[in-house]
Amino acid sequence: DARVTQTPRDKVTEMGQEVTMRCQPILGHNTVFWYRQTMMQGLELLAYFRNRAPLDDSGMPKDRFSAEMPDATLATLKIQPSEPRDSAVYFCASGSSGTTFFGQGTRLTVV
Amino acid sequence: RKEVEQDPGPFNVPEGATVAFNCTYSNSASQSFFWYRQDCRKEPKLLMSVYSSGNEDGRFTAQLNRASQYISLLIRDSKLSDSATYLCVGDNQGGKLIFGQGTELSVKP
């Protein structure tokens, strides 16, 4: 079964530390999304890529967040420095032709 | 105002009941719509796409009303296993998926 793979599944870190989350999209999918989910805000789109080019990152705090796709098999989301308010579940999703699949998420806790 | 809005619920219904969720969207340029299902501490999964003509998948029926900019999901003969959060999703041009807050459904024996 093809699936979107995210690592790590869980991450606890101290405020001020750098956090890197990784995503391996489904092979052949040309669109990759990063979402953040919290109880208060629900699922918020942070950034998305098509054919590895960033299309929209307006949902992402630019001062501390960065998203990249160094190649077609890897997408990364970095937070530097992390803050307690960044605590959330971060989902990566990939899609093609209108069908989008989510990874299992990275549960981030910043203390 | 959020681009996609849903009643958060929770909807508490007995097994066998019919339950309907509505969702409104603000961007009239949105082309495609979907319902996703999310179980507790899991990732969202596609339940079904939504077409203007209405579409059915077993006990689930989805409908899109472009004039009123709302989407609906009807679940008939609800099962305990239908308990989850249902997310309404709009494609905000160019494949950018915008999610509603989700509607929580709890089906009781």
Side-chain angles (χ1 to χ4, degrees), chain A residues 1-7 9-10 21 23-26 29-60 67 87-109, chain B residues 1-10 21-27 29-53 55 57 62 64 71 84-106:
Chain A
D1 246 2
R3 56 169 59 188
V4 177
T5 304
Q6 288 186 246
T7 56
R9 291 291 306 278
D10 286 277
M21 290 169 270
C23 168
Q24 181 177 353
I26 293 173
H29 281 186
N30 65 350
T31 308
V32 175
F33 303 86
W34 281 106
Y35 287 90
R36 174 172 63 184
Q37 187 172 39
T38 60
M39 287 291 290
M40 293 298 294
Q41 299 297 328
L43 267 167
E44 299 174 282
L45 180 64
L46 297 175
Y48 80 114
F49 298 78
R50 179 156 300 136
N51 299 320
R52 294 178 55 205
L55 285 191
D56 189 336
D57 61 1
S58 58
M60 203 164 65
S87 298
V89 180
Y90 291 80
F91 287 106
C92 174
S94 73
S96 183
S97 303
T99 304
T100 302
F101 295 88
F102 280 72
Q104 292 179 296
T106 294
R107 184 172 298 273
L108 175 66
T109 304
Chain B
R1 185 187 170 202
K2 286 186 174 288
E3 286 191 50
V4 178
E5 295 208 54
Q6 298 179 246
D7 180 347
F21 306 138
N22 290 327
C23 161
T24 58
Y25 62 94
S26 60
N27 188 341
S30 295
Q31 295 296 312
S32 306
F33 301 90
F34 310 90
W35 283 100
Y36 275 70
R37 170 192 169 131
Q38 186 173 23
D39 292 285
C40 188
R41 299 180 75 85
K42 300 281 192 181
E43 73 274 23
K45 292 184 179 176
L46 178 65
L47 179 66
M48 57 198 302
S49 301
V50 187
Y51 305 114
S52 296
S53 54
N55 48 302
D57 183 1
L64 165 63
I71 302 135
T85 296
Y86 290 83
L87 299 158
C88 176
V89 189
D91 175 341
N92 186 10
Q93 298 173 287
K96 180 176 170 179
L97 297 185
I98 303 297
F99 283 75
Q101 278 280 88
T103 298
E104 185 184 340
L105 172 65
S106 180

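In what follows, every chain begins at residue 1, and chains take the letters A, B, ... in the order their sequences are listed.
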Trainee: A side-chain contact here means heavy atoms from C-beta on lying under 4.5 Å apart; do A/Arg36 and A/Gln41 qualify?
Mentor: no

Trainee: Does the side chain of A/Phe91 come within less than 4.5 Å of B/Pro44's, by heavy atoms?
Mentor: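 Heavy-atom side-chain distance check passes, below 4.5 Å.
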
Trainee: Which atoms of B/Leu87 come close to chain A, meaning under 4.5 Å heavy atom to heavy atom: side chain ones, backbone ones, both, or neither?
Mentor: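 Contact with chain A involves the side chain of B/Leu87 alone.
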
Trainee: Please work out whether the ring planes of B/Trp35 and B/Phe21 are parallel, tilted or perpendicular, with thresholds of 30° and 60°.
Mentor: tilted

Trainee: Which region of B/Lys2, side chain (C-beta onward) or backbone (N, CA, C, O), has a non-hydrogen atom less than 4.5 Å from a non-hydrogen atom of chain A, or is it both or neither?
Mentor: side chain

Trainee: Chain B heavy atoms under 4.5 Å from A/Leu45: which part of the residue, side chain, backbone, both or neither?
Mentor: side chain

Trainee: Rounded at 0.5 Å granularity, tell me how far OH in B/Tyr36 sits from CG in B/Leu47.
Mentor: 10.5 Å

